[in-house]
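Input: a single structure, listed below in structure tokens.
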Amino acid sequence: MSGGSARSLGKGSAPPGPVPEGLIRVYSMRFCPYAQRTRLVLTAKGIRHEVININLKNKPEWFFKKNPSGLVPVLETSQGQLICESAITCEYLDEAYPGKKLLPGDPYEKACQKMVLESFSKVPPLILKILRTQNKEDCSGLKEELHKEITKLEEVLTDKKTTFFGGNSLSMIDYLIWPWFERLEALELNECVDHAPTLKLWMAAMKKDPTVSSLLTDVKTFQGFFNLYLQNNPEAYDYGL
Amino acid sequence: MYCKGACSGNIGCDLPPGAQAAVVGSSFLERVGNPPARWVGSPKGLCAQISFQRPGSAGPCAHSPGRADGCPSLALLRKIGEARPTSWLNFKLHWELGLCCAAMSGGTVRSLGKGSAPPGPVPEGLIRVYSMRFCPYAKRTLLVLRAKGIRHEVININLKNKPEWFFKKNPLGLVPVLETSLGQLIYESAITCEYLDEAYPGKKLLPGDPYEKACQKMVFESFSKVPSLMVSFLRKQNKEDCSGLKEELHKEFSKLEEVLTNKKTTFFGGSSLSMIDYLIWPWFEWLEALELNECVDHTPNLKLWMASMKNDPIVSSLPTDVKTLQDFFNLYLQNSPEACDYGL
């Protein structure tokens, strides 16, 4: 499971060799919330894996053979099979590997988790917009929208009367939405969960989870990355190394 | 061929509960034996000569068609007979489909709008889908229901005049929505389709292998720009601005063409039709109505796929007439509350 803190590979780098048997490889980026989903699932299920970080502002040419869209995360198996799209990678890992199932076996319960993911879907682009918006006025409009989306999620938790989005223990849906909540403090968006007490409790419970806390990034490091990222600086992706 | 208790035992015909009635027309018995090994001619007189036969017995039982008014199996047989199926396979298909689509055996398909009474609970043994006759997203769910032979009822919603009660089924007010007899609600078309495949027995439309399943989902993802492109195209009044949209559509179709070329199979999941084909099909039905057939001119495998899809019995059981669709588009763009019931 080493390599999570490795320098990213950029243009001109040599393509990596085949994935050794018994391992699965994830192409990632240390601060990418989508790739964090995959790493959370890999860690939660105890799957032996290696991480290759990609410099997303200076992508290696060979990386487009792994994913034509050039995005992380991408999984590569020792048979050379490639799986892209974060939610697809997570579901693949849950099905292909033994151990605790993160998705429920019951079709209706599984559908419920997917419906929650759908109602979360406006949050990532909103947060990205907020990050990129310098203008205070535009920001307050966006923060309002975020508040609305977060209220929807608060409603899900209060209706379910459970700690986590899938029940009383952590499951797939919690890992899938966590990375954006982890970034709220660094983005000074904690106020957006002020009126969502159940969600606040959920966030506290998540931070205590061994998998989540093993992959936690501190506020200062996030802010260092965000600053360089907004300046389009290719050094952003290796910040802190 | 069995009646499968289409009435759930309500009719009270003289067959013991759970018994399977062999439904045959006497014309079949005369010509081709039982069960029919091959179809001989058209079922002339089928409507008038159906009878139920107990398995293992020599001739028709005492139950006569006259006493069976209200028997859904008989009503279905009559309806199929009217359509004059041209082959035994065709007949069987309509029989199986008819048994699974409760709404087909009568009842109105007119949409429910504002002020309508909320429907009652879903009867046991059925699943309900809230739909709209021209909605491509809802069509995904209907295709899967039929492909898996799942007994279901359809309630159409007037999307230009939504009933207040519908927002309790789906706060977003969108179709399709599934409702089970336990009152469970599932929405988002792709989620409904996956739910049906998992919850019901019979042929699995999604592959069991995790990697193959992931591949279908990746194809689905690469299709994802098509629906909004086609809606944008539909909404453009001035056809001059469309060349940009057509280019983009052409690009998206080339991605799909690559998938088929690389896989070297007829369908997106392999050599037989599976979930991914049903999920993307409804938008390809729109091509002709939107005069966008040229967008598949440079994608021969995609063209062949479209032809194969049109030949699929499930797909052809839910045909879309080009003219009707075009008229629907016009009404829909004018926000007419009559749009959703056009053609009824």
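Here is how names work: the chains are called A, B, and so on, in the same order as the sequence lines, proteins then strands, and each is numbered from 1.
Only the backbone of Leu185(B) comes within less than 4.5 Å of a heavy atom in chain A; its side chain stays farther off. Proximity to chain B (any heavy atom under 4.5 Å) is restricted, for Glu118(A), to the side chain, taken from C-beta onward. Both the backbone and the side chain of Lys217(B) come within contact range of chain A, with heavy atoms under 4.5 Å apart. When heavy atoms are compared at a cutoff of 4.5 Å, Lys114(A) approaches chain B by way of both its backbone and its side chain.
Judged by distance alone, the side chains of Asn301(B) and Thr261(B) do bring a donor and an acceptor atom under 3.5 Å apart. Under 3.5 Å, the side chains of Thr265(B) and Ser271(B) contain no donor-acceptor pair of N or O atoms.
At distances below 3.5 Å, at least one donor-acceptor pair connects side-chain atoms of His152(B) with backbone N or O atoms of Ile150(B).
Among Glu221(B), Glu198(B), Gln184(B), the residue with the largest count of heavy-atom pairs under 4.5 Å with chain A is Gln184(B). Between chain B and the residues Asp94(A), Leu82(A), Asp106(A), the most heavy-atom pairs under 4.5 angstrom are made by Leu82(A).
Ring geometry, Tyr97(A) versus Tyr92(A): the interplanar angle exceeds 60°, so the pair is classed perpendicular (tilted spans 30 to 60°).
The one candidate from Phe253(B), Trp281(B), Trp283(B) that meets the ring pair (Phe, Tyr, Trp, His ring centres under 6.0 Å) condition with Phe223(B) is Trp283(B).
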